[in-house]
Amino acid sequence: SGVLSHPLQFCLLGALLAPIRVLLAFIVLFLLWPFAWLQVAGLSEEQLQEPITGWRKTVCHNGVLGLSRLLFFLLGFLRIRVRGQRASRLQAPVLVAAPHSTFFDPIVLLPCDLPKVVSRAENLSVPVIGALLRFNQAILVSRHDPASRRRVVEEVRRRATSGGKWPQVLFFPEGTCSNKKALLKFKPGAFIAGVPVQPVLIRYPNSLDTTSWAWRGPGVLQVLWLTASQPCSIVDVEFLPVYHPSPEESRDPTLYANNVQRVMAQALGIPATECEFVGSLPVIVVGRLKVALEPQLWELGKVLRKAGLSPGYVDAGAEPGRSRMISQEEFARQLQLSDPQTVAGAFGYFQQDTKGLVDFRDVALALAALDGGRSLEELTRLAFELFAEEQAEGPNRLLCKDGFGTILHLLLGSPRPAAAALHAELCQAGPSRGLSLCQFQNFSLHDPLYGKLFSTYLRPPHTSRGTSQTPKASSPGSPTALANGTVQAPKQKGD
């Protein structure tokens, strides 16, 4: 890798090596298809509910294993160094691999002898990949079917408690990719069965990091091309001792997941964090609430200031307690924006209904927060006035679940289900189904935890209008420092 220190040499290697390697790797990928198809050809759905044995298992398993190793070899992974000893399926029915940092991580399946995996059902329609998932008898989860997750939990438990009948199941418990600087919060799916698990560590000890594929940074093609341009890439796979859960951990998958996460983080020498992803949004846990690691409100401010717009000069004109839906064209006129790309980017930050319209109250509150000319008390009062609802009985207006969720989503980037649960908890203290202005401001300004959260997020990171600076994640009062007391969240590649 020392030759890569010279940019010209690196470019020459990329021009020569990468096209040949990628082409050959795709040829091998398509050669995998007949072996994957042959293993399940002619078998009914009922037969596929049991592990495949006999000649199909021997021929097809070894064929896919050999071609998969050749595929990664052609992409430049000339060495897979294995440390530790893989446990048997009886000793550890479940394998958990971390950190999950790249689409190259399935290379860990090779020293694990192709264990079963969990994948999105939508991947079945992808050419070749779908055939490989059927070959693997993967456990499939659909994001569009609410009952799917329950069936996946039952299937994981059935296989994990089969007494060695099924091969091991491998999970990436982080659920998405980060940049290897810290472990994201482990999801409990791998730990629901309450059986022993074996942690598996993945490292890429190369002088140049070309493999990381996080929510920010190089895209798929760039990562593929850069990695294929390296003369030699190395991956280390380390099997840690089997983790046997305590009775308490067996009953509580979240506790089990957190403890295994800490063990793996310690072995890797990196922090274990509370940061996780909701869809494509990185969030952290603060008390009973999930909030965005970097609120979209801040990104919206950067877009508007780049366009030369000062939010304080926009006449909001939103009516308190009454929605007014506007189109993208009216949004552009209201904000005096002319560049189509800027308009589309800014408009996309707001939730749209089925007709593609947004509530102008959302826009008004976001602009008021970005302006910075109001005190926190004035800003929270405005938020309440915009979204509080008139009550059929009595003169008071109350902030109900939907309005509360909208405010927290706009200002803190909090997913709406998390905000709804917190709203229900806050309303338990009183007889009504909503919050008064006093209750809302007590929560947002004076609560020891949430008040500090609002004061951090409602002061976007800009020193003056027109200039900006990125806040340090570890600085006092920063979002990550608030997460459950103080765990530093992972900084993604490209931040």
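Given the structure is predicted, the values throughout are model-derived calculations rather than measurements.
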(Q) Give me the atom names and distance for the closest heavy-atom approach of Pro173 to Ala97. (A)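 Scanning both residues completely, I find the closest heavy atoms to be CD-O, 3.3 Å.
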
Q.
I need the minimum non-hydrogen distance between Val128 and Leu29, along with the two atoms involved.
A.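 Smallest interatomic distance, heavy atoms only, reads CG1-O, 3.4 Å.
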
Heavy-atom donor-acceptor pair, [X] side chain to [Y] backbone, under 3.5 Å:
| X | Y | value |
| --- | --- | --- |
| Thr227 | Leu224 | no |
| Ser148 | Val141 | no |
| Ser233 | Phe77 | no |
| Asn136 | Pro115 | yes |
| His423 | Gly434 | no |
| Arg397 | Glu385 | yes |
| Asp236 | Arg203 | no |
| Asp209 | Thr211 | yes |

Lys/Arg N to Asp/Glu carboxylate O, [X] vs [Y], below 4.0 Å:
| X | Y | answer |
| --- | --- | --- |
| Glu425 | Arg288 | yes |
| Lys290 | Glu274 | no |
| Asp353 | Lys355 | no |

**Q.** Derivation and outcome, side-chain contact (heavy atoms from CB on, under 4.5 Å), residues Leu289 and Leu408
**A.** CA-CA 10 Å; Leu289 191 63; Leu408 266 60; 3.7 Å; yes

About how many Å separate [atom2] of [Y] and [atom1] of [X], when rounded to the nearest 0.5 Å?
| X | Y | atom1 | atom2 | value |
| --- | --- | --- | --- | --- |
| Leu133 | Arg120 | CG | CZ | 10.5 Å |
| Lys116 | Phe171 | NZ | CZ | 13.5 Å |
| Phe350 | His409 | CZ | NE2 | 10.0 Å |
| Arg381 | Glu377 | CZ | CD | 6.5 Å |

Q.
For Phe443 and Phe404, take the angle between the two ring planes, folded into 0 to 90°, and tell me which bin it lands in: parallel under 30, tilted 30 to 60, perpendicular over 60.
A.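 Rings of Phe443 and Phe404: tilted, 30 to 60°.
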
Q | Proximity of Tyr457 and Trp298 rings by center, below 6.0 Å | A |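 Distance test on ring centres: under 6.0 Å, yes.
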
